[in-house]
Amino acid sequence: MTRKGVGELSGELTRDVTDEPGRESPDVLRDARPILAVRDLVVGFGNQAEPVVRGVSFHVNRGEALAIVGESGSGKSVTARSVLGLAGDNARVAASELSFDGVDLRRLRERQWRGIRSGRIGLVLQDALVSLDPFREVGREVEEVLALHSNARGPERRRRAIDALTRAGIPDAERRARQIPAELSGGLRQRALIATAIAADPELIIADEPTTALDVTVQAQVLALLRGLVDRGRSLLLISHDLAVVASVADRVLVVRHGEVVEEGDAADVLARPRHPYTKQLLAAVPSAASRGRRLSGEPPSAYIERVRDASHGGDGRQLAGERRSHDGGDHPIVLEADGLAKSFGTAGGARLAVDDVSFALRRGETLGIVGESGSGKSTTARLALGIEKPDSGSVRLDGRDWNELGGRALRAARLSIQAVHQDALSTFDPRHTVGAILTEALAASGVRGGAELRARSAELLALVGLDDGVLDRRPLRMSGGQRQRVSIARALAPRPDVLVCDEPVSALDVSIQAQVLDLLVDVQRATGVAYLFISHDLGVISHIADRVLVMKDGRVVEHGEVRQIFERPEHPYTRRLLDAVPRLEAALEAAPESAPESVPESASETAPGPELDAAGTVEAEASHDRLDLQSVRR
Amino acid sequence: MSAAVSRRPPVAVLAALVFLAFLAASALVPQWIAPHDPLAIGPHVLAAPSAAHPLGTDENGRDVLSRIIYGTREALLLGFGAVALSLVGGSALGVLAGLGNRFVESVVMRFVDIGLAFPEMLLALVVIAVTGGGTTNALMAIGIAGIPSFARLVRAQTLGIRRAPFVEAARGLGLSEPQIVVRHILPNAIRPILVLATIGVGTATVAGAALSFIGLGTPPPAPSWGVMLSTARNFLDRSWWYGVMPGLAITLMVVSVTVVGRWLQRRTEARR
Amino acid sequence: AGTASAGQAEKSGAIVRNGSLTLGTNGQEPPCIAPAENAGLNGPELSRPLTDSVVYENPKTHELEPWLATKWAVSADGLTYTFTLRKGVTFSDGTPWNAEAFKANLDYIVDPATKSPMSASYIAPYESSTVVDPYSLTVKLSTPYSAFLRVLAQGFFGMVSPKQIADAPADICAAPIGTGPFTLVKWTKGQSVEYVRNDAYNWGPPGTHTGAAYLKHYTVLFLGEDSTRYNALASGQVDVVDWVPAQNIHAARQDPSLSVLSLTTPGHPFSWWLNTARAPFNDLKVRQALLTGIDRAEIVNSVLFGEYKTATGYLTSSTLDYSKNTIAHSVKKANALLDEAGWGTRDSDGYRTKDGKRLTAQLPTSNAIAYRVQIAEQVQAQAKKLGIDIEISYPTSQELSQDALDGNYDISAGIWGTNTPDILWLRYSSKNITTADRIGLNVARLRDDTVDSLLQQARETTDAAQQAALYGKAQTRLIDLAPAIPFFDDQRVVAFDTAKVHGLSLETAYPAPYVFDAWTSEG
Amino acid sequence: MAAARVRRVAGAIGLRLGGAVLVVWGAATLAFLAIYLTPGDPAYAVVGGTDANPSPAVLAQIRAEYGFDQPWYVQYGSYLWRLAHGDLGTSYRLREPVATAIGQQLGGTVQLALAAGLLAVVLAIVVALLTAHRRPWIRGVSSSADLVLASMPSFWLGILLLSAFSYGLHLLPAIGNRGWQSLVLPAVTLALPLAAVLTQVLRNALEEVLEEPFITSARARGLSDTAVRLRHAMRHALIPLATMTGYLLGGLLGGTVVTETLFSRQGLGRLLLTAVNGKDLPVVIAIVVLSAVVYMVVNLAIDLVYPLIDPRLRRLA
Ligand SMILES: Nc1ncnc2c1ncn2[C@@H]1O[C@H](COP(=O)(O)OP(=O)(O)OP(=O)(O)O)[C@@H](O)[C@H]1O
Ligand SMILES: Nc1ncnc2c1ncn2[C@@H]1O[C@H](COP(=O)(O)OP(=O)(O)OP(=O)(O)O)[C@@H](O)[C@H]1O
Ligand SMILES: [Mg+2]
Ligand SMILES: [Mg+2]
């Protein structure tokens, strides 16, 4: 990684920047010269011939927030790390310009880099939850920065570290400084990491996906904090795949794909009037209430689905008519019913209720969503429904039969009628098995006998999920995330279940792949009439796919009902807070960049306009971005 | 990462495989490879390497190279045999503990704990104290001594897989517990253990040689690497090469086995 | 290089007193250094500096001479011995040496509670003793025993303080208190034994100097590895090494800075005893075939680098009443004998068979001593040519003793050093065949009336010439019976630094370095 | 709260001690059975094996005195009873209390084991820190060296070192327990293979840690490479190192058997070997029990070390 340079470093690079009060002045900072300029950046790894970043050019002006968006693997993080000379040991970095505040970064020596890093450019890494040393108190991590980049020593340094933590939005920073990352929630950890990046008050902050894996409420806080920094004159390079996040913070946007820039421009402009088809596709793939009934992926359903839909008008009993059913209830029989479920887990600090008095009913062909923050008991509810966990009290009835009363053979038979699709599909496959073996096992378990019959049904299942026969000999490990999820769905459908429990089935997927899988799930439901218990922390996904929704908090259902009704008129304060915290693309476009949320979401919730839902079920995919009315674009 | 990369073994692995193939040939048909009868006593004792005796002669005037070649069988038998014993015993206990109920598990694991509290060499010595020396007994001793650690490994593996999501998925398909054990848990638990076992072969070979070295190994006339080393140390000041050659054979074998074992391990891990 | 006589050196005033000497011996550290409580090879080496015997065997003439006893007389029937004891001798705890002390020692040795592994058996005919006056003791034997006096000269019969016997018998094992020229400083098990001079000593055996030992400090180190032991001398870490390995003897003799002392150990040569109580060695012809068919000289010369003499019979050449016989080597004769014995056919591996059974002999042994293993390997190779399959195994010593008890062996390898030809009685008298409660030394399980009576007579006679004649006959008779294959007369070889070490000698009653006369010329 | 913590820790330690007692009892029983079941008369072990010529009276005396004429359960019972009272019995061969016999040999072995253990750990830390995540050829050389050293039988290594330094160069003594010079070769012999294994473990751990995002984030703070390794990576890599060290320390006793034999050193390993050869039951059992105790103590100590390294174990338990 060390690049050899000849030029001696100017003393300026290592100066103690925070000791100069004059730098606070916005006039100075709103300099026309960009603080960071990158031209024709090419980054490759090891002996791979293809570079992953292929000639990216951009600049960040002083006091400006530039966002880089693009799908997973498009080279965003590599670009960001390259700016700091941290692309990795096996990286080959080349650029015709790579300069920071007039300093040619390409010619820096390792020693000189040390002055730049954190001193003048702060970096917030992508994996925030694991980017702090788990063995050290966060205060010491911040102090480490100050030790390197300021003259502060002893109590003075401590004071300034605590000050940085406070500025990063950590309440009671003095106490928190003495804690280790594991003792902090995800949001606090993210802010502590930001504190290390801003402690030495660098001119430029690079924040790589600073809100991934955070709950919406916490995400809102972090975004507000970053915007606040820009408003106080710092420059920001924000990296995200999440358009709504970008919209709420960035002044300008850079859209990248496969290591190349496809579109660049003013944030509001690009998001409201995308010119490049890829940008359009990205925007269209975002699920929301408005996208209900519309295909997110822009791709037609598989031929097989079409055939089944056509055939089902004749009706084979198991397959329902293709039209989306109405939600007035009573039409279709209840297939899954939970009543007063409670489940607690023993921990070091005593028993803890993970699920507390949860009841719901799921009808054939219907989708019941469950949303809630991390740890609210969503997965536990799913496991109870699947009969994997036994409830402490309450019951789960499947087609009228109580799980609790089943045992042995009957239990195993009953299991077939309720199947699961998980977030991490790969781990649910026996690593030794090929797709063919996976499907064969599932089919054999559900009573299909004979080679010919097995082959026919396997082919049918693959067709249903839009995979071709060629994958039968492949192992899931060598397949893409989307393909794996399709195999997982195919397997779940093999026993022709009444209910599919989907626990965050698209949370690990890129927005465009997510769009395909969501489309597929909708297609399959239409074709087979299977009911979904659909869990997600993403309100957009829920409002796209679910008919009804349970909102969970701390193991309890705080609100439930029709999706539309709940998201339009939330009654419980918690639901309202959830909804408010979701960054809204539209709102952001109107407000940004001048009046971004100041700091905490409580204030944001007051000013946020009520959600406006489109009642129309179907909207043309092409046109949709024009009238985006997104509840949620977070996945 | 990609299939192409992991399929073709690197040079070191190829070299190791070639050496192991040579050892296998030495074990199976030493008479085709060795230049002399390993038992033929000659007039020149402790002779330096020469054209007639490329690695010199031993204290009885026998050809050291031939004895090393003929000794391969014992070394491989010891290494692989002992590991096989540890593997079978350890797997039985480990699977029992990993799949059994609380009671079974704690009983088995207490036994395993007791076994683990003995250093392997010590356990082997105790077994030898009971059974006496000799190749078979040394094999038994090392094999038995290895059981506890294999049992612990297999149990951990079994427990991990027992809780793996894909086992839960199989359960969700209504498979019975025995079916799940046979189809999913055992094959997945055993495979990495088998790979680890290949590496264990090296350790067992060294342990076998150590037992021979301290006088608890193979009786004559069968040539044995450990015994050769043990004898050679009496003549170190006269003929150092005699002490070097058998040790080199052991070391090369262990290195080869380890290299191949690690490669196999990486391959299986890459498949997960 | 030789050793100048101590007396001469003393007169010339060249002797340096108060030096210290370090000797490296082999790893066979006895569990006990009490004379009567060990059977170990190195027991006398370690107990001799601390204790003296009643009689002394002259190293040159092998005659018995006075030591702690000045005179003795044997009754005509050989049952009563009267000892007159030396006056003015004290144990290092101050207890005087007298008839009471001698009696206490004899009674102590034979007391089963002492658990004497060997000494008690050597004086098994001892019945009782009576104090006649403070310095004379009569000893009564139950049967005549011609070897009695001679065994008393061995280090296993060093005299221990009667006070210690009475008050602290448990301590004798680790720290015996004797009348010897040195006292024990410290025995660090597994490492060393350290001695310091007993300044009061003034009763060295005939031919040695008067007064206390020259050395102030004497240390014995246990160095189990043959190569490191010899190397320790070469590199100056020790002044003397005992048990010089055969492969180093030649080099030691050649090295001008080193001197070598060597001694043929009296007793039984290193041998393989053949179990005459079961097939195949219950057949005299098979035994004779093995004895003649093996080229013992070639094996001994090869394994022991030409440094050891091939045995000519069942006594070593340095043993009293040794008579020289010849055991001819003839493969042809051996083969003929085997054919005669009915082992005329051979199997695919070239081994002889009879009634479909292979001619196999089991040799359970220990591999602790390298040359024994080597001999086994070479005999095995030669026997294979004769068509005899010798299977070597290494059971635990526990199993070895069990096998010995059960008679579950065909060959038993061993050696026995003692300064009397009575070893033949111990080894070949049918009285010493193993019984249910004791492993006898007649491991060949030989039962021959002629041998029995010759050895018994020799044991009981008090006439030296008659004794010699009887033993001569017995030796010839034994060779005809071929109960064992004798290989070599054991050599006790000690090497030392010529420039530094003087006056060192070897005791012969039970060979061990004798350091009373020794002195070192520096530090 | 502090009191509760103390109680919890005490409880955990109590549980471990209970387990330890169980393990020690099991080890003792196993050893007892093992040796008891060996064919042969232990009375001969007392008089020194087949090289002795004891009289029947002596043998009878020994059998009565040591209780060999008692049924096994009486022998076992009295053995356990004495063990429970801290009495390890009397050695058959050495005719002295086992505790004394072990006490005499313990020093040499502890010295050797500590020297070797320390040397191995220090070597491993230094080499791993210097070579982890470096240019391919540095790694290649270092890891090949590790592989070869870890694959070498230690006695062969000892023979090579002896040939070179003792016989060849006459630099270091080949034998004995005297002075630090005599400790060098045995300690190195024992330490090198250990160091090789530890280096592998530590280097892998370091390389894994150095790939962690928090390391990149530390670098982004402007920390030098050395500081990153020492202040951040090392501490994380210490956990697998501690685990492995504990495991290997437990096995050191086995290693000393061979090393002490080769270098004619006084110590437990040789005591054990002679005891095994001479069927000195009390000594064998005592060493087995001792090694079980050492194993438990080392593991307990390692368990106590983990929270010192990883504050999560301290704070979140
Ligand atoms: N150290 C590395 N060695 C080899 N390849 C790498 C390395 N780091 C990144 N890559 C590859 O570079 C490509 C771009 O990665 P990058 O992390 O920049 O994507 P990204 O746009 O940040 O995606 P995401 O949204 O998933 O974070 C990916 O294909 C990745 O596998
Ligand atoms: N097996 C278990 N043992 C102990 N605690 C558990 C277990 N499973 C879940 N919990 C606890 O129960 C609570 C609810 O967990 P659950 O996995 O249902 O949450 P979730 O809503 O799915 O969260 P996420 O969005 O993070 O997946 C959490 O506090 C969790 O720590
Ligand atoms: Mg990224
Ligand atoms: Mg969950």
Side-chain angles (χ1 to χ4, degrees), chain C residues 24 27 29-32 37-41 110-118 120-122 124 170 173-174 188-192 221-225 227-229 231-232 234-235 237 366 368 395-405 412 414 416 426 432 435 437-441 443, chain D residues 35 38-65 91-96 100-101 104-105 107-108 162 166-167 170 173-178 182 260-268 270-271 274 276-281:
Chain C
E29 180 179 9
C32 242
E37 291 178 47
N38 74 67
L41 212 51
V110 297
D111 183 355
T114 305
K115 302 187 282 279
S116 166
M118 200 160 71
S121 299
Y122 271 153
C173 178
T188 313
K189 297 249 170 95
Q191 189 184 334
S192 62
L221 292 181
F222 301 105
L223 306 175
E225 293 291 297
S227 54
T228 55
R229 186 166 64 252
N231 200 250
S235 63
Q237 289 175 79
S366 139
T396 60
S397 66
Q398 197 58 31
E399 282 173 287
L400 267 178
S401 54
Q402 188 63 36
D403 283 348
L405 208 54
S412 168
W416 199 273
L426 282 171
N432 288 312
T435 60
D437 50 29
R438 171 175 183 254
I439 296 174
L441 287 186
V443 292
Chain D
I35 308 277
T38 324
D41 182 350
Y44 278 93
V46 177
V47 287
T50 41
D51 278 343
N53 182 24
S55 65
V58 166
L59 287 172
Q61 166 80 22
I62 290 169
R63 290 190 189 110
E65 201 173 294
S91 159
Y92 294 166
R93 268 187 68 258
L94 304 173
R95 311 247 201 112
E96 65 182 352
T100 315
Q104 283 173 344
Q105 305 299 321
L162 268 179
S166 220
Y167 297 143
H170 294 290
I175 45 145
N177 290 54
R178 304 183 140 197
S182 69
E260 287 172 1
T261 304
L262 184 62
F263 291 96
S264 307
R265 271 185 73 84
Q266 183 198 17
L268 280 186
R270 258 173 83 201
L271 180 65
T274 25
V276 164
N277 277 325
K279 194 164 179 178
D280 196 344
L281 175 62

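Owing to the predicted nature of the structure, the values given are computational and were not obtained by experimental measurement. Chain naming here is simple, since letters A, B, ... match the order of the sequence lines and numbering starts at 1 in each.
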Kindly give the heavy-atom pair with the smallest separation between C:S121 and D:P54, and that separation in Å.
-> OG-C, 3.7 Å
Exercise: identify the closest heavy-atom pair between C:K115 and D:I62 | CD-CG1, 3.2 Å
Atom pair NZ (C:K189) and CD (D:Q105), whose distance is rounded to the nearest 0.5 Å =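 If we round to the nearest 0.5 Å, C:K189:NZ and D:Q105:CD are 8.5 Å apart.
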Identify which part of [X] has an atom lying under 4.5 Å from any heavy atom of chain D, answering side chain, backbone, both or neither.
X	result
C:E29	backbone
C:A124	neither
C:L41	neither
C:T114	backbone

Heavy-atom distance under 4.5 Å to chain C: side chain of D:E65, backbone, both or neither?
-> side chain
What part of D:T261 is in contact with chain C, defined as an atom under 4.5 angstrom from a non-hydrogen atom: side chain, backbone, both or neither?
-> both
Heavy-atom pair count under 4.5 Å with chain D, highest-scoring of C:S412, C:P30, C:A113, C:A234 =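 Looking at each option in turn, the highest pair count goes to C:A113.
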